[in-house]
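Some notes on the structure that comes next.
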Number of protein chains: 2
Amino acid sequence: MASGGLKMVQKMLDKLPASEQKIAEYILEHPHEVVNSTVSQLANVSNTSGAAVIRLCKSLGLKGFQDLKIRVAGDLVKPAEQGYRDIEPSESMYQVAHKTASNAIQSLKETAELINYDELQKAIEALLKAKNVHFFGIGASSIIALDAQQKFLRINKGATAFTDVHLVATLIANADQDDVVFGISFSGETPEVINVLSLAKDRGVQTISLTKFDQTTLSSIADISLFTSYSNEAPFRSAATSSRLAQLYIIDVLFLCIAARQYEETVKHIDKTREAIHFITKKK
Amino acid sequence: MASGGLKMVQKMLDKLPASEQKIAEYILEHPHEVVNSTVSQLANVSNTSGAAVIRLCKSLGLKGFQDLKIRVAGDLVKPAEQGYRDIEPSESMYQVAHKTASNAIQSLKETAELINYDELQKAIEALLKAKNVHFFGIGASSIIALDAQQKFLRINKGATAFTDVHLVATLIANADQDDVVFGISFSGETPEVINVLSLAKDRGVQTISLTKFDQTTLSSIADISLFTSYSNEAPFRSAATSSRLAQLYIIDVLFLCIAARQYEETVKHIDKTREAIHFITKKK
DNA sequence: TATTTATTGAAATTATATTTCAAACCAATT
DNA sequence: AATTGGTTTGAAATATAATTTCAATAAATA
């Protein structure tokens, strides 16, 4: 469970202010020491202050210093991971199939580890309360939005997934106070998605973002930010393979958490959906 | 490094005084909670006192409570669990996230194992030769079709993914001899998809199916059949979670095999695509 | 240059861990 | 049954650590 602390530190390293960076470097170099030290000890060895240590924890999206220690401790017992491998010219089908599977698995594992359960909790509460959820993504992310829409409609939650910015603007303009706008963009920098979330925020509509784990414009705008694992893009993966599975995975987790929270009701809705589809199909 | 905390607790269990034993039992039953709680929280939930908690730590030969937490955290980082498990009522977010991940991983592994490389080879040849590929799926599978379309368009392969049966019939009526109709249906029994593939076959257009691994109507109709792992449907998974990831995985494998076969060309097309998107985005 | 904005660590505050200690318990002995 | 000596216990006191606040400073922007 709790782990991935070192990965978080690594990822954020060059986006941090100087003092936090010094601490981050120390952590990466001496993870074993960190696990058994206190805030002020860490402040000392890295020539900074306790406040900076706490700030670093928060910058990483963690609850506090304890949380960081727990996660780093988790990293230290884990066997070395396989890592990502890109597809190369004239590779055998067998190799392609296996690399693809192991990249996907890697990505799922990392994404699961990176989940911030406080944010997830907030997202679930917001989604439960909302009358309508407007999913919005463009390009590859539009597919994630559609998938999410399908899922939520099945449990009788109003959901939209248009890709037309004008339409989405209309929806937001008329949105209820409890509704949610859910922006999806792997890079977190897609202008259309940023605009849509900005609009929503301006109108006081709640926003959730789903981006790669990073300081992205989108995640900084959103009230609640969810993340998938980040992996360096290599030419072929850029056509979005594992990253997309990770996004779908997060959607699944949201859906299933909500489903688990209202178990009986969900089962009922899903049964109704199934019957309805059966009815349509038989009719021909 | 730091781990084995749970083992220590287990070993000592019956040598401990009553109050410490209660705490030890709680730790063994709820290790996840323990990792994120304080001395007094643990004292409360186990109906003892803070002092007893500290005494337990010392009894185990540890330095203190922090040390215990770190070691338990280490124990919790275990390799992904095996097998499928359905979501149950009022499950914790953490459990949902991990069950979902391990189900997905399991499904991907199985699907990779099930690949028939002769059929895959045939599918790749057919797709390489085709001027246009018509992906067709309904409901959850329509999303897989859209994903496939996006991928193939990126490498300059004509691709459609309509859900309107009339439109698809039109496309097939006018299809080239080398074109491919690609039917997607997890159950393999969706009437619309069966009809579309039947039509294609009747018109002498090549057909590929993607279904669960089973004797399905769809796979028996298709010239080339591809499969994802089959797993008994439980109420919640029926909302298609892992099965859909497995379908996307197969699409990825197809795409990447084709990409690997025409490496230079693919890289060129993907670069062009990226530039085009960049251009559109900048324009505003 | 003036003005805002971000970064920083010392000190205050708050939370948490640990120790102390008197009371309660219990088993063995008279 | 009463006495004794050793355990065990948790409330309260204390010590330690984590977190927040805030004013000073540095960097960016106008």
Side-chain angles (χ1 to χ4, degrees), chain A residues 2 5 8-9 12-27 30-73 116-119 214-217 219-221, chain B residues 2 5 8-9 12-27 30-74:
Chain A
M8 289 174 169
V9 176
M12 283 292 186
L13 194 59
D14 42 5
K15 276 155 200 128
L16 295 169
S19 69
E20 294 175 42
Q21 223 170 75
K22 282 198 282 183
I23 302 165
E25 273 160 17
Y26 184 88
I27 295 174
H30 312 279
H32 294 270
E33 278 73 24
V34 172
V35 163
N36 291 308
S37 63
T38 68
V39 169
S40 37
Q41 283 169 347
L42 183 52
N44 276 333
V45 293
S46 57
N47 293 309
T48 57
S49 68
V53 173
I54 300 298
R55 275 196 295 267
L56 171 65
C57 298
K58 299 292 166 76
S59 300
L60 299 175
L62 299 175
K63 269 176 72 182
F65 184 63
Q66 291 301 320
D67 201 2
L68 177 71
K69 280 198 343 189
I70 297 292
R71 294 184 113 92
V72 171
N116 176 329
Y117 288 93
D118 290 333
E119 289 286 293
D214 209 342
Q215 284 286 119
T216 71
T217 307
S219 64
S220 67
I221 289 176
Chain B
M8 291 172 165
V9 176
M12 284 290 183
L13 195 59
D14 44 6
K15 287 173 190 110
L16 296 167
S19 69
E20 294 175 43
Q21 223 168 76
K22 281 199 283 182
I23 301 165
E25 274 161 17
Y26 184 87
I27 295 173
H30 312 276
H32 293 110
E33 279 72 21
V34 171
V35 163
N36 290 309
S37 63
T38 68
V39 169
S40 37
Q41 282 169 346
L42 184 52
N44 275 333
V45 293
S46 58
N47 293 308
T48 58
S49 67
V53 172
I54 299 298
R55 275 197 295 269
L56 170 64
C57 298
K58 299 294 167 76
S59 300
L60 299 175
L62 300 175
K63 267 177 70 186
F65 185 62
Q66 291 301 322
D67 200 4
L68 177 70
K69 279 199 342 188
I70 296 292
R71 296 184 111 92
V72 171

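Letters go in sequence order (proteins before strands), and every chain restarts at 1.
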Interatomic distance, [X] [atom1] vs [N] [atom2] [rounded to whole Å]:
| X | N | atom1 | atom2 | value |
| --- | --- | --- | --- | --- |
| B/Leu62 | C/dA17 | CG | P | 14 Å |
| A/Leu68 | D/dA17 | CG | P | 17 Å |
| B/Ile23 | C/dT18 | CD1 | C1' | 14 Å |
| A/Ile54 | C/dA12 | CD1 | P | 18 Å |
| A/Lys63 | C/dA15 | NZ | C1' | 13 Å |
| A/Glu20 | C/dT7 | CD | P | 8 Å |
| B/Gln66 | C/dT16 | CD | P | 11 Å |
| A/Phe65 | C/dA15 | CZ | C1' | 15 Å |

- Query: With side chains defined as the heavy atoms from C-beta onward, is the minimum distance between B/Leu68 and B/Val53 less than 4.5 Å?
  - Reply: no

- Task: Compare the minimum distances between each of C/dA10, D/dT19, C/dT8 and the side chain of A/Arg55, then state the nucleotide with the smallest one.
- Result: C/dT8

- Message: Of the listed nucleotides (D/dG10, C/dA17, D/dT19), which one gets closest to any side-chain atom of B/Val39?
- Response: C/dA17

- Judged by atom type as modelled, is there a donor-acceptor pair below 3.5 Å linking the side chain of A/Ser219 to the main-chain atoms of A/Gln215? no

- Query: For A/Glu20 and A/Ala52, which heavy atoms make the closest approach, and how far apart are they?
  - Reply: CG-O, 3.8 Å

- Item | A/Lys58 vs D/dT20: side-chain N/O to OP1/OP2 distance below 4.0 Å | yes

- So, is B/Ser19 near the phosphate of D/dT8, with a side-chain N or O under 4.0 Å from OP1 or OP2? no

- Message: I need the A/Ser40 OG to A/Phe65 CZ distance, nearest 0.5 Å.
- Response: 8.5 Å

- Task: Hey, could you give me the CZ/CD distance between A/Arg71 and A/Gln66, rounded to the nearest 0.5 Å?
- Result: 13.5 Å

- Want to settle it: does B/Ala51 or A/Gly50 sit nearer the 5' end of DNA chain C, counting the closest nucleotide to each? A/Gly50

- Task: Tell me what B/Ala43 touches on the nucleic acid: a base, only sugar-phosphate, or nothing, going by heavy atoms under 4.0 Å.
- Result: nothing

